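Since the model is a prediction, treat every value here as computed from it, not as a measurement. The chains referred to below are lettered A, B, ... by the order of the sequence lines, with proteins before strands, and numbering in each begins at 1.
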Amino acid sequence: MVNSNNTKANVLMMKKLLVFTLIMFVFGYALVPFYEKFCEVTGINNLLKPDVSVNDKNWVDEERWVTVEFDANTRGLPWQFKPLQRSTRIHPGESITVMYEITNNSEREVIGQAIPSYSPRFLDKHLKKFECFCFTKQVLKSNETRQMPVQFVIEPGLPADINTVTISYTFFELPDGASTIKK
Amino acid sequence: MRSKSAVTLAGVSALALYSSMAVGSKYNLPEPQSVIAKDIYDQHIVLLWICLVIFVGVFGVMFYSVLKHRKSLGYKAANFHHSTAVEIIWTVIPCLILVAMAYPATKTVIAMKDTSSPDMTIKATGYQWMWGYDYLQGEGEGISFYSKLSTPRAQVENKAPKGENYLLEVDNRVVVPVGKKVRIILTANDVIHAWWVPSLGIKQDAIPGFIRDTWFTADKPGIYRGQCAELCGKDHGFMPIVVEVMEASEYSKWVAQQGASAIKTSMHVEN
Amino acid sequence: MAAVHGDAHGHEHDDHHPSGIMRWITTTNHKDIGTMYLWFSFAMFLTGGTLALGIRAELFQPGIQILQPELFNQFTTLHGLIMVFGAIMPAFVGFANWQVPLMIGAPDMAFARMNNWSFWLLIPAATLLVSSFFLPGGAAAGGWTFYPPLSTQGGLGVDFMIFAVHILGASSIMGSINIITTILNMRAPGMTLMKMPMFVWTWLITAYLLVLVMPVLAGTVTMLLTDRHFGTSFFNAAGGGDPVMFQHIFWFFGHPEVYIMILPSFGIVSEVIPTFSRKPLFGYSSMVYATASIAILSCVVWAHHMFTAGMPAVGQLFFMYATMLIAVPTGVKVFNWTATMWRGSMSFETPMLFSIGFIFLFVIGGFSGVICAIVPIDIQVQDTYYVIAHFHYVLVSGSLFALFAGAYYWIPKWTGRMYNETLGKAHFWLSMFFFNLTFFVQHFLGLAGMPRRIPDYNLQFADFNMISSIGAFGFGMTQLLFLYVMINCIRSGEKAPQKPWDGATTLEWTHLPTPAPYHSFEKPPVVQ
Ligand code: HEM
Ligand SMILES: [Cu+2]
Ligand SMILES: [Cu+2]
């Protein structure tokens, strides 16, 4: 039916389209790092900021006050997790340490790990954390309680109309023996 | 052929009648209770009018043609098949209309996103299937409770008559003062939920592991009801949201009461 | 929907292929395969329709009567999946199989054997979907959009669904490769691209969209699968992933997908309207450009499904503007159809009625689409019955009505027999009435605050839900009439002339006898 000339052209076309299909499949996966990069640049989900050294002093904006709220969540593990203070008022540029507390209410040893999230979502561009417990494995024995510090500074570059921000953590259970979540 | 156009006409007018049933009834967006909800309400009405005018215009022409340019009336077909001028006009005009629609919407979008300078912050956490609330900051700081559907099971199973607020009532309402900017922080414990109160004009997904925020300022005291708006499993239809807006003095009383009674100690459920 | 071939081409030289069931299993003939696609999609349409009636029966009154919430969620999920992937998409592929070679003067599809595989892959996929109801834990229940983490929670039903989607995706990709190659390489001499019938143009563009986005869907479901079973955390916050990323990738596929389901309908309608207006299509080249720009724009608007997921204002504004822009080429199409009808010499046989019905109702769906594109308004209506109303106006009275128009239009060519015009018209008017009864009220339900995907609701929504359910049952029953009309036509319709529509101008009417012979255009026609 189809003459051989045509067949050759058809097969060539099919090959091209198959390659294209493959590219699009890979593209689907490429969207993952792309999305992460995009979120990092625009600060949409603010997973983690690389830590900076404390000497990185910024000037303190004495004129301005920012309310920082602290929030804690757990997901799927028998822990009590809370900040020791719910909110504080600081000047941009001023470094501060707050404590969070975790308690294992169960009768077994549980491994957990926290990930952070912020509001407004671009906060991480203006938030420098010197010390933080997120993305590190926490092992709590039965009924053990631990306090963990978070030391950070809100940079004076924070847009002028923002006067309340939230720093939130969620603890997830790590299955026994799982390596830490990396970002 | 006569009878066919009669049928068409009858059909169209039936449709028009049927749609007019909704006008002015409870079947519109609910009465707005915040600035944002008001903006949304007004823009929606304006858009409906624009759409209606275009609709009548386009289908007026089409139905005129359907009635007149019929083979059965002996109408002879013309043979034109394009006109660059006309085509440019009907590309440009819709663009202009769209710009007119986008302008007010853009302003509202920016206003909706402005969660700065709140008077108080409340965190809402979605659980399968209820909401948890924590007053994070502002008057009432430290208050924390769960809010579950309070409609008796018997009503759902048709074993008891259904009340007025069937499926839209909870054991513990979120209480906020009137006229204060309330920022809502959202997260979820298990799967995605969405916090929606139509009269206040807010809907925001609650995403496990992340926080999102939104805000409202209620204009009037009252009780405003909404529902979870993101499929979250079996009882997705059974996790309403009820916000009670109080005068400032009433609100302070409520806060004092909460302080006296036992407050949820931990900030999460065990599962 | 189309001929059982036995009597339709008895006089043809079909002696050299197997008969009985083996004929259908081994066939590489585009007409046989087209026929199978159409019957398959109709069967799926009835299956999905039955699920919809289950949903509507539950929603007939407040309270839980028939479907427990778990089962209700399985019904909505499978209704959506089956209608989208089992009914609408294969139906269009069936039309492409039958019509593309006939309209471009090619003897068959470019890859006849692959064509056979693309069809037969559908059967295991459909079986997986339907049988998942009988698994312990039931079918997938996370919505046809299967957002994680909800879909990570589900049981074996979700794995069946993932597997089915993989197979369906492979089938679609093979089908599209075939269609693109056929159109680009096998046109009759003289048929330049800008002389191709609109239906062929719309399918060419659709097929490109398919190879563009189906692999992305395959990637998404693969990630979901490995998240569920192999410890990856693409969409799991606990492992450093993000559930919202799933939505982005899904809708990167999902929005072009809705245009995949509507562009070929534009093509069908653009064939039918000129034929029954006895006047050439107005603005052919602007139609082609409009179709192409819709396809391109459809790739950059996906996040309009996620306005409440939490996006920066710039993101919301970008996706709002891009989405509104799609209204422009869509409007151009509607104006072109109107101008085609203007000063034509129209007659109103069933295909024309369905096409006009299509334009009328599709425009309503288009308007509600623009309203949904306005971010502040969408914040209110997203995930409510308003959206349900919107997409049924574009999918049922859009895609489905166009499919009906096409079926009535081409059935004489396929079977050699005419359908019963009176019954066809009855089918149209009943569909029109019941469709609006079902879905128009859903706009009000959504505005008034009824979320979608809920099995039970407050009393204030009761009256319109009851109307909607009555309409749905009427609509469902009306489709049995369609089945009857088609079977009646195949069995005992009057003999059709070569060109039953005097205004038709495409090759299948001008160059081929009726019914179209089993092997057509073995020598290509010459197009001036
Ligand atoms: C007899 C005709 C039909 C009726 C009565 C009907 C009714 C419904 C109902 C009641 C829902 C569920 C609402 C909810 O989410 O709570 C729904 C969802 C849906 N329908 Fe239809 N439908 C029909 C035909 C179609 C067709 C032809 C399509 C073709 C594409 C379609 C596509 C969808 C989709 C994609 C959903 C969303 C499913 C989901 O969100 O999980 N429907 N329909
Ligand atoms: Cu929900
Ligand atoms: Cu879309």
Side-chain angles (χ1 to χ4, degrees), chain B residues 4 15 22 26-30 39-40 43-44 47 51 58 61-62 65 69-71 75-78 81-82 87 90-91 94-95 98 102 105-106 108-110 112-113 156-158 162 166-168 191-192 194 198 203-205 207-210 212 227 229-237, chain C residues 62-64 69-70 142-143 147 149-150 153 237 243-244 278-280 282-283 286 308-310 313 316-317 320-321 324 327-328 331-332 334-335 338 341-348 360 367 371 374-377 379-380 382-383 436 440 444 447-449 451 453-460:
Chain B
K4 242 180 264 160
L15 198 67
K26 58 188 172 167
Y27 287 90
N28 193 350
L29 285 169
D39 280 358
I40 297 175
Q43 284 176 32
H44 178 245
L47 250 67
C51 291
V58 172
V61 172
M62 185 181 290
S65 179
H69 306 155
R70 290 171 165 253
K71 192 180 169 211
Y75 196 88
K76 289 273 166 308
H81 49 76
H82 76 280
E87 287 170 61
W90 71 38
T91 310
C95 288
L98 290 177
T106 304
T108 311
V109 169
I110 290 166
M112 289 173 113
K113 285 283 167 187
V156 178
E157 288 164 357
N158 308 307
K162 299 177 174 41
Y166 177 65
L167 298 185
L168 296 179
V191 301
I192 303 178
K203 182 189 287 148
Q204 174 61 56
D205 290 1
I207 296 160
F210 298 93
R212 295 287 195 260
Q227 281 176 270
E230 180 62 60
L231 179 60
C232 56
K234 177 165 76 72
D235 285 344
H236 164 56
Chain C
I64 299 284
E70 299 90 329
Y147 285 4
L150 188 59
Q153 280 185 349
V244 176
R278 295 170 181 78
K279 193 166 153 284
F282 185 87
S286 69
T308 62
Q316 291 193 330
L317 291 174
M320 170 167 90
Y321 300 147
M324 294 173 79
V328 176
V332 166
V334 172
F335 300 142
T338 313
M341 291 161 73
W342 186 252
R343 295 182 53 212
S345 172
M346 280 186 271
S347 59
F348 300 90
F360 189 72
F367 280 138
I371 288 177
I374 307 287
V375 176
I377 305 180
I379 296 293
Q380 289 283 27
Q382 188 267 344
D383 258 323
N436 285 294
F440 202 77
F444 305 132
L447 289 174
R453 295 165 167 173
I454 58 173
D456 193 6
Y457 48 82
N458 182 262
L459 302 182
Q460 62 166 312

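Note that CD1 of B:Ile40 and CD1 of C:Ile377 are 8.0 Å apart. Values are rounded to the nearest 0.5 Å.
Contact annotation for C:Met320: only side-chain heavy atoms (C-beta onward) come within less than 4.5 Å of a heavy atom of chain B. In this structure, the portion of C:Leu317 lying under 4.5 Å from any heavy atom of chain B is its side chain and not its backbone. The parts of B:Ala78 that come within reach of chain C are both its backbone and its side chain, each placing non-hydrogen atoms under 4.5 angstrom from that chain. In this structure, chain B has a heavy atom under 4.5 Å from the side chain of C:Tyr147, while its backbone stays farther away. Only the side chain of B:Met112 comes within contact range of chain C, judged by heavy atoms closer than 4.5 Å. With a 4.5 Å cut-off on non-hydrogen atoms, B:Lys113 touches chain C through its side chain but not through its backbone. Only the backbone of B:Cys232 comes within contact range of chain C, judged by heavy atoms closer than 4.5 Å. Only the side chain of C:Gln153 has a heavy atom closer than 4.5 Å to any heavy atom of chain B. Looking at C:Tyr321, the atoms closer than 4.5 Å to chain B (heavy atoms on both sides) all sit in the side chain, from C-beta outward. Residue B:Leu98 touches chain C through both its backbone and its side chain, counting heavy-atom pairs closer than 4.5 Å.
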Would you please test B:Glu87 and C:Phe282 for side chain to side chain contact (heavy atoms under 4.5 Å, CB included) and show each step? CA-CA 10 Å; B:Glu87 287 170 61; C:Phe282 185 87; 3.8 Å; yes
Can you list the steps and then say if B:Leu167 with B:Val156 is a side chain to side chain contact (heavy atoms under 4.5 Å, CB included)? CA-CA 8 Å; B:Leu167 298 185; B:Val156 178; 4.1 Å; yes
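B:Asn28 places no side-chain N or O within 3.5 Å of a backbone atom of C:Leu447 that could act as its donor or acceptor partner. The main-chain N or O of C:Gln380 is found under 3.5 Å from a side-chain atom of B:Lys203 such that the two form a donor-acceptor pair. C:Asn458 places a side-chain N or O within donor-acceptor distance of the main-chain N or O of B:Tyr166, the cut-off being under 3.5 Å. No donor-acceptor pair closer than 3.5 Å links the side chain of B:His236 to the backbone N or O of C:Ile454. Using modelled atom types, one side-chain atom of C:Lys279 and one backbone atom of C:Trp342 make a donor-acceptor pair closer than 3.5 Å. At least one donor-acceptor pair closer than 3.5 Å links the side chain of C:Ser345 to the backbone N or O of B:Tyr75. In this structure, the side chain of B:His82 does not engage the main chain of C:Gly283 through any donor-acceptor pair within 3.5 Å.
Contacts with chain B were tallied for C:Ser347, C:Pro243, C:Ala309; C:Ala309 has the most, counting heavy-atom pairs under 4.5 Å. In terms of heavy-atom pairs under 4.5 angstrom with chain C, the leader among B:Pro94, B:Ala105, B:Gly237 is B:Ala105. Chain B forms the most heavy-atom pairs under 4.5 Å with one residue out of C:Leu150, C:Ile374, C:Val328, and that residue is C:Leu150. Ranking B:Asp39, B:Ile110, B:Val109 against chain C, the residue ahead of the rest is B:Val109, based on heavy-atom pairs under 4.5 Å. Contact tally against chain C (heavy-atom pairs below 4.5 Å) for B:Thr106, B:Leu47, B:Thr91, B:Thr108: the top residue is B:Thr106.
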